[in-house]
Amino acid sequence: MFWVFNCKEVTEKISLSLDKKLSFSQTMGIKFHLMMCKLCARYHNQVFIIHELTKLQSEMENHGNQNITLSTDMKNAINIKITDHLEANSNLI
Amino acid sequence: MKDNRIKKQLNPEKWVDLYGDYLFRYALFRVNNKNIAEDIVQETFLSALKASDNFKFKSTEKTWLTSILRFKIIDHFRQKGKENTIIADNENKIDKLFNKKGKWNVDVPEWRFSAQELFEKKEFMNVFNLCISKLKGKTAYVFHSRELDGEKTETICKDLKITATNCWVMLHRARQNIRYCLEKNWFDKKEEF
């Protein structure tokens with residue numbers, strides 16, 4: 001047995017399947033609907049493209065550019081501000 | 001008193017050395033501008049100092065700082081989005097995608113390219129990022145955390161104090177909005193693609 005979904009419900013389940021493991025009957029319900037419905041099949045494909053694009057984007061961010069660093073000047077400037085803030089607050093005690 | 005507590009739990013003196021580069025790369029990748037990324041990192045540290053009472057031992061310093069940075073980046077995009085003429089997501093239109101029986105009211109045109117092919121088109125990725133920037137408030141935060149940072153939904157729900165169902169509904173909304181935005185701002189306009 002599997003779920004019978006309409007298009008609106010299928011689009012909700014497609015999204016959910018990216019965040020949570022669906023039950024077997026739900027997964028079959030989606031598959032069955034996608035076989036019959038061209039528009040939902042396209043929608044499914046598009047949501048997965050969006051998902052894939054965000055993954056490609058964050059992979060590049062995590063594994064690319066390891067040599068890109070905050071400049072020493074900027075680091076010093078921020079550290080000065082942090083120290084100032086800490087000192088200003090400790091004076092209040 | 002207050003400062004003693006900060007010193008026990010957090011080490012702001014070490015933040016820049018420990019997390020500065022990481023946060024900078026994170027910001028730079030999203031905003032694509034060195035000066036803006038530097039500003040955002042600086043603002044993140046300063047906001048963190050002011051909000052140090054909100055720090056919970058459960059999360060690490062790095063996660064906590066990253067979540068503040070994320071809000072700063074979203075703010076930046078919301079400002080930038082105001083200056084852009086991109087066709088915005090429209091909740092009403094999305095509600096009208098389906099009829100009362102839950103069937104499509106509109107056509108869903110085919111996208112003829114794979115994710116990899118689209119990823120390689122700079123112009124497309126620009127539209128893609130603008131579409132993400134059009135997401136609002138918590139929906140934006142949930143989408144960024146889940147899709148771009150790969151955070152678990154449970155963690156996101158806890159951060160925002162919302163239920164898992166609420167979180168999933170927001171993610172669905174976000175995906176619908178981005179799909180709609182890409183269709184209007186890219187696929188409808190670039191029929192040759």
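These values consider heavy atoms only, across backbone and side chains, with no hydrogens, waters or symmetry-generated copies. Below, read A as the first sequence line, B as the second, and so on, with proteins coming before strands; counting in each chain starts at 1. Source: prediction; values computed, not measured.
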So for [X], is it side chain, backbone, both, or neither that comes closer than 4.5 Å to the heavy atoms of chain A?
X: B/Leu171; result: both
X: B/Asn99; result: neither
X: B/Tyr19; result: neither
X: B/Val169; result: neither

* Parallel, tilted or perpendicular: rings of A/Phe5 and A/Trp3 (30°, 60°) -> parallel

* Report the relative orientation of the aromatic rings in B/Trp15 and B/Phe45; use parallel for angles under 30°, tilted for 30 to 60°, perpendicular for over 60°. => parallel

Using a 4.5 angstrom heavy-atom cutoff, name the option from [options] with the most pairs to chain B.
options: A/Lys38, A/Gln46, A/Lys8; result: A/Gln46
options: A/Leu70, A/Thr83, A/Thr11; result: A/Leu70
options: A/Leu16, A/Asn45, A/Asn76, A/Ile82; result: A/Ile82

Among [options], residue most engaged with chain A (heavy-atom pairs, under 4.5 Å):
options: B/Lys103, B/Arg146, B/Glu183, B/Gln176; answer: B/Arg146
options: B/Lys152, B/Lys34, B/Glu147, B/Lys101; answer: B/Glu147
options: B/Met125, B/Glu110, B/Gln116; answer: B/Glu110

* Test disulfide (SG to SG under 2.5 Å) on A/Cys40 and A/Cys7 and set out the steps. => CA-CA 7 Å; A/Cys40 284; A/Cys7 301; 3.7 Å; no

* Asked: CZ of B/Phe98: more than 12 outside heavy atoms within 6.0 angstrom?
  -> yes

* Asked: Does the pair B/Asp21/A/Lys75 count as a salt bridge with the N-to-O cut at 4.0 Å?
  ->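 Yes.
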
* To do: Could you tell me whether the side chain of A/Glu9 and the main chain of A/Asn6 form a donor-acceptor pair under 3.5 Å?
  =>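 Yes, the answer is positive, given that a donor and an acceptor are paired below the 3.5 Å cut-off.
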
* **B/Asn33 side chain to B/Ile36 backbone, donor-acceptor under 3.5 Å** => yes

* Please state whether the side chain, the backbone, both or neither of A/Leu18 comes within less than 4.5 Å of a heavy atom of chain B. => both

* For residues A/Ile50 and B/Leu182, determine if any side-chain heavy atom of one lies less than 4.5 Å from a side-chain heavy atom of the other. => yes

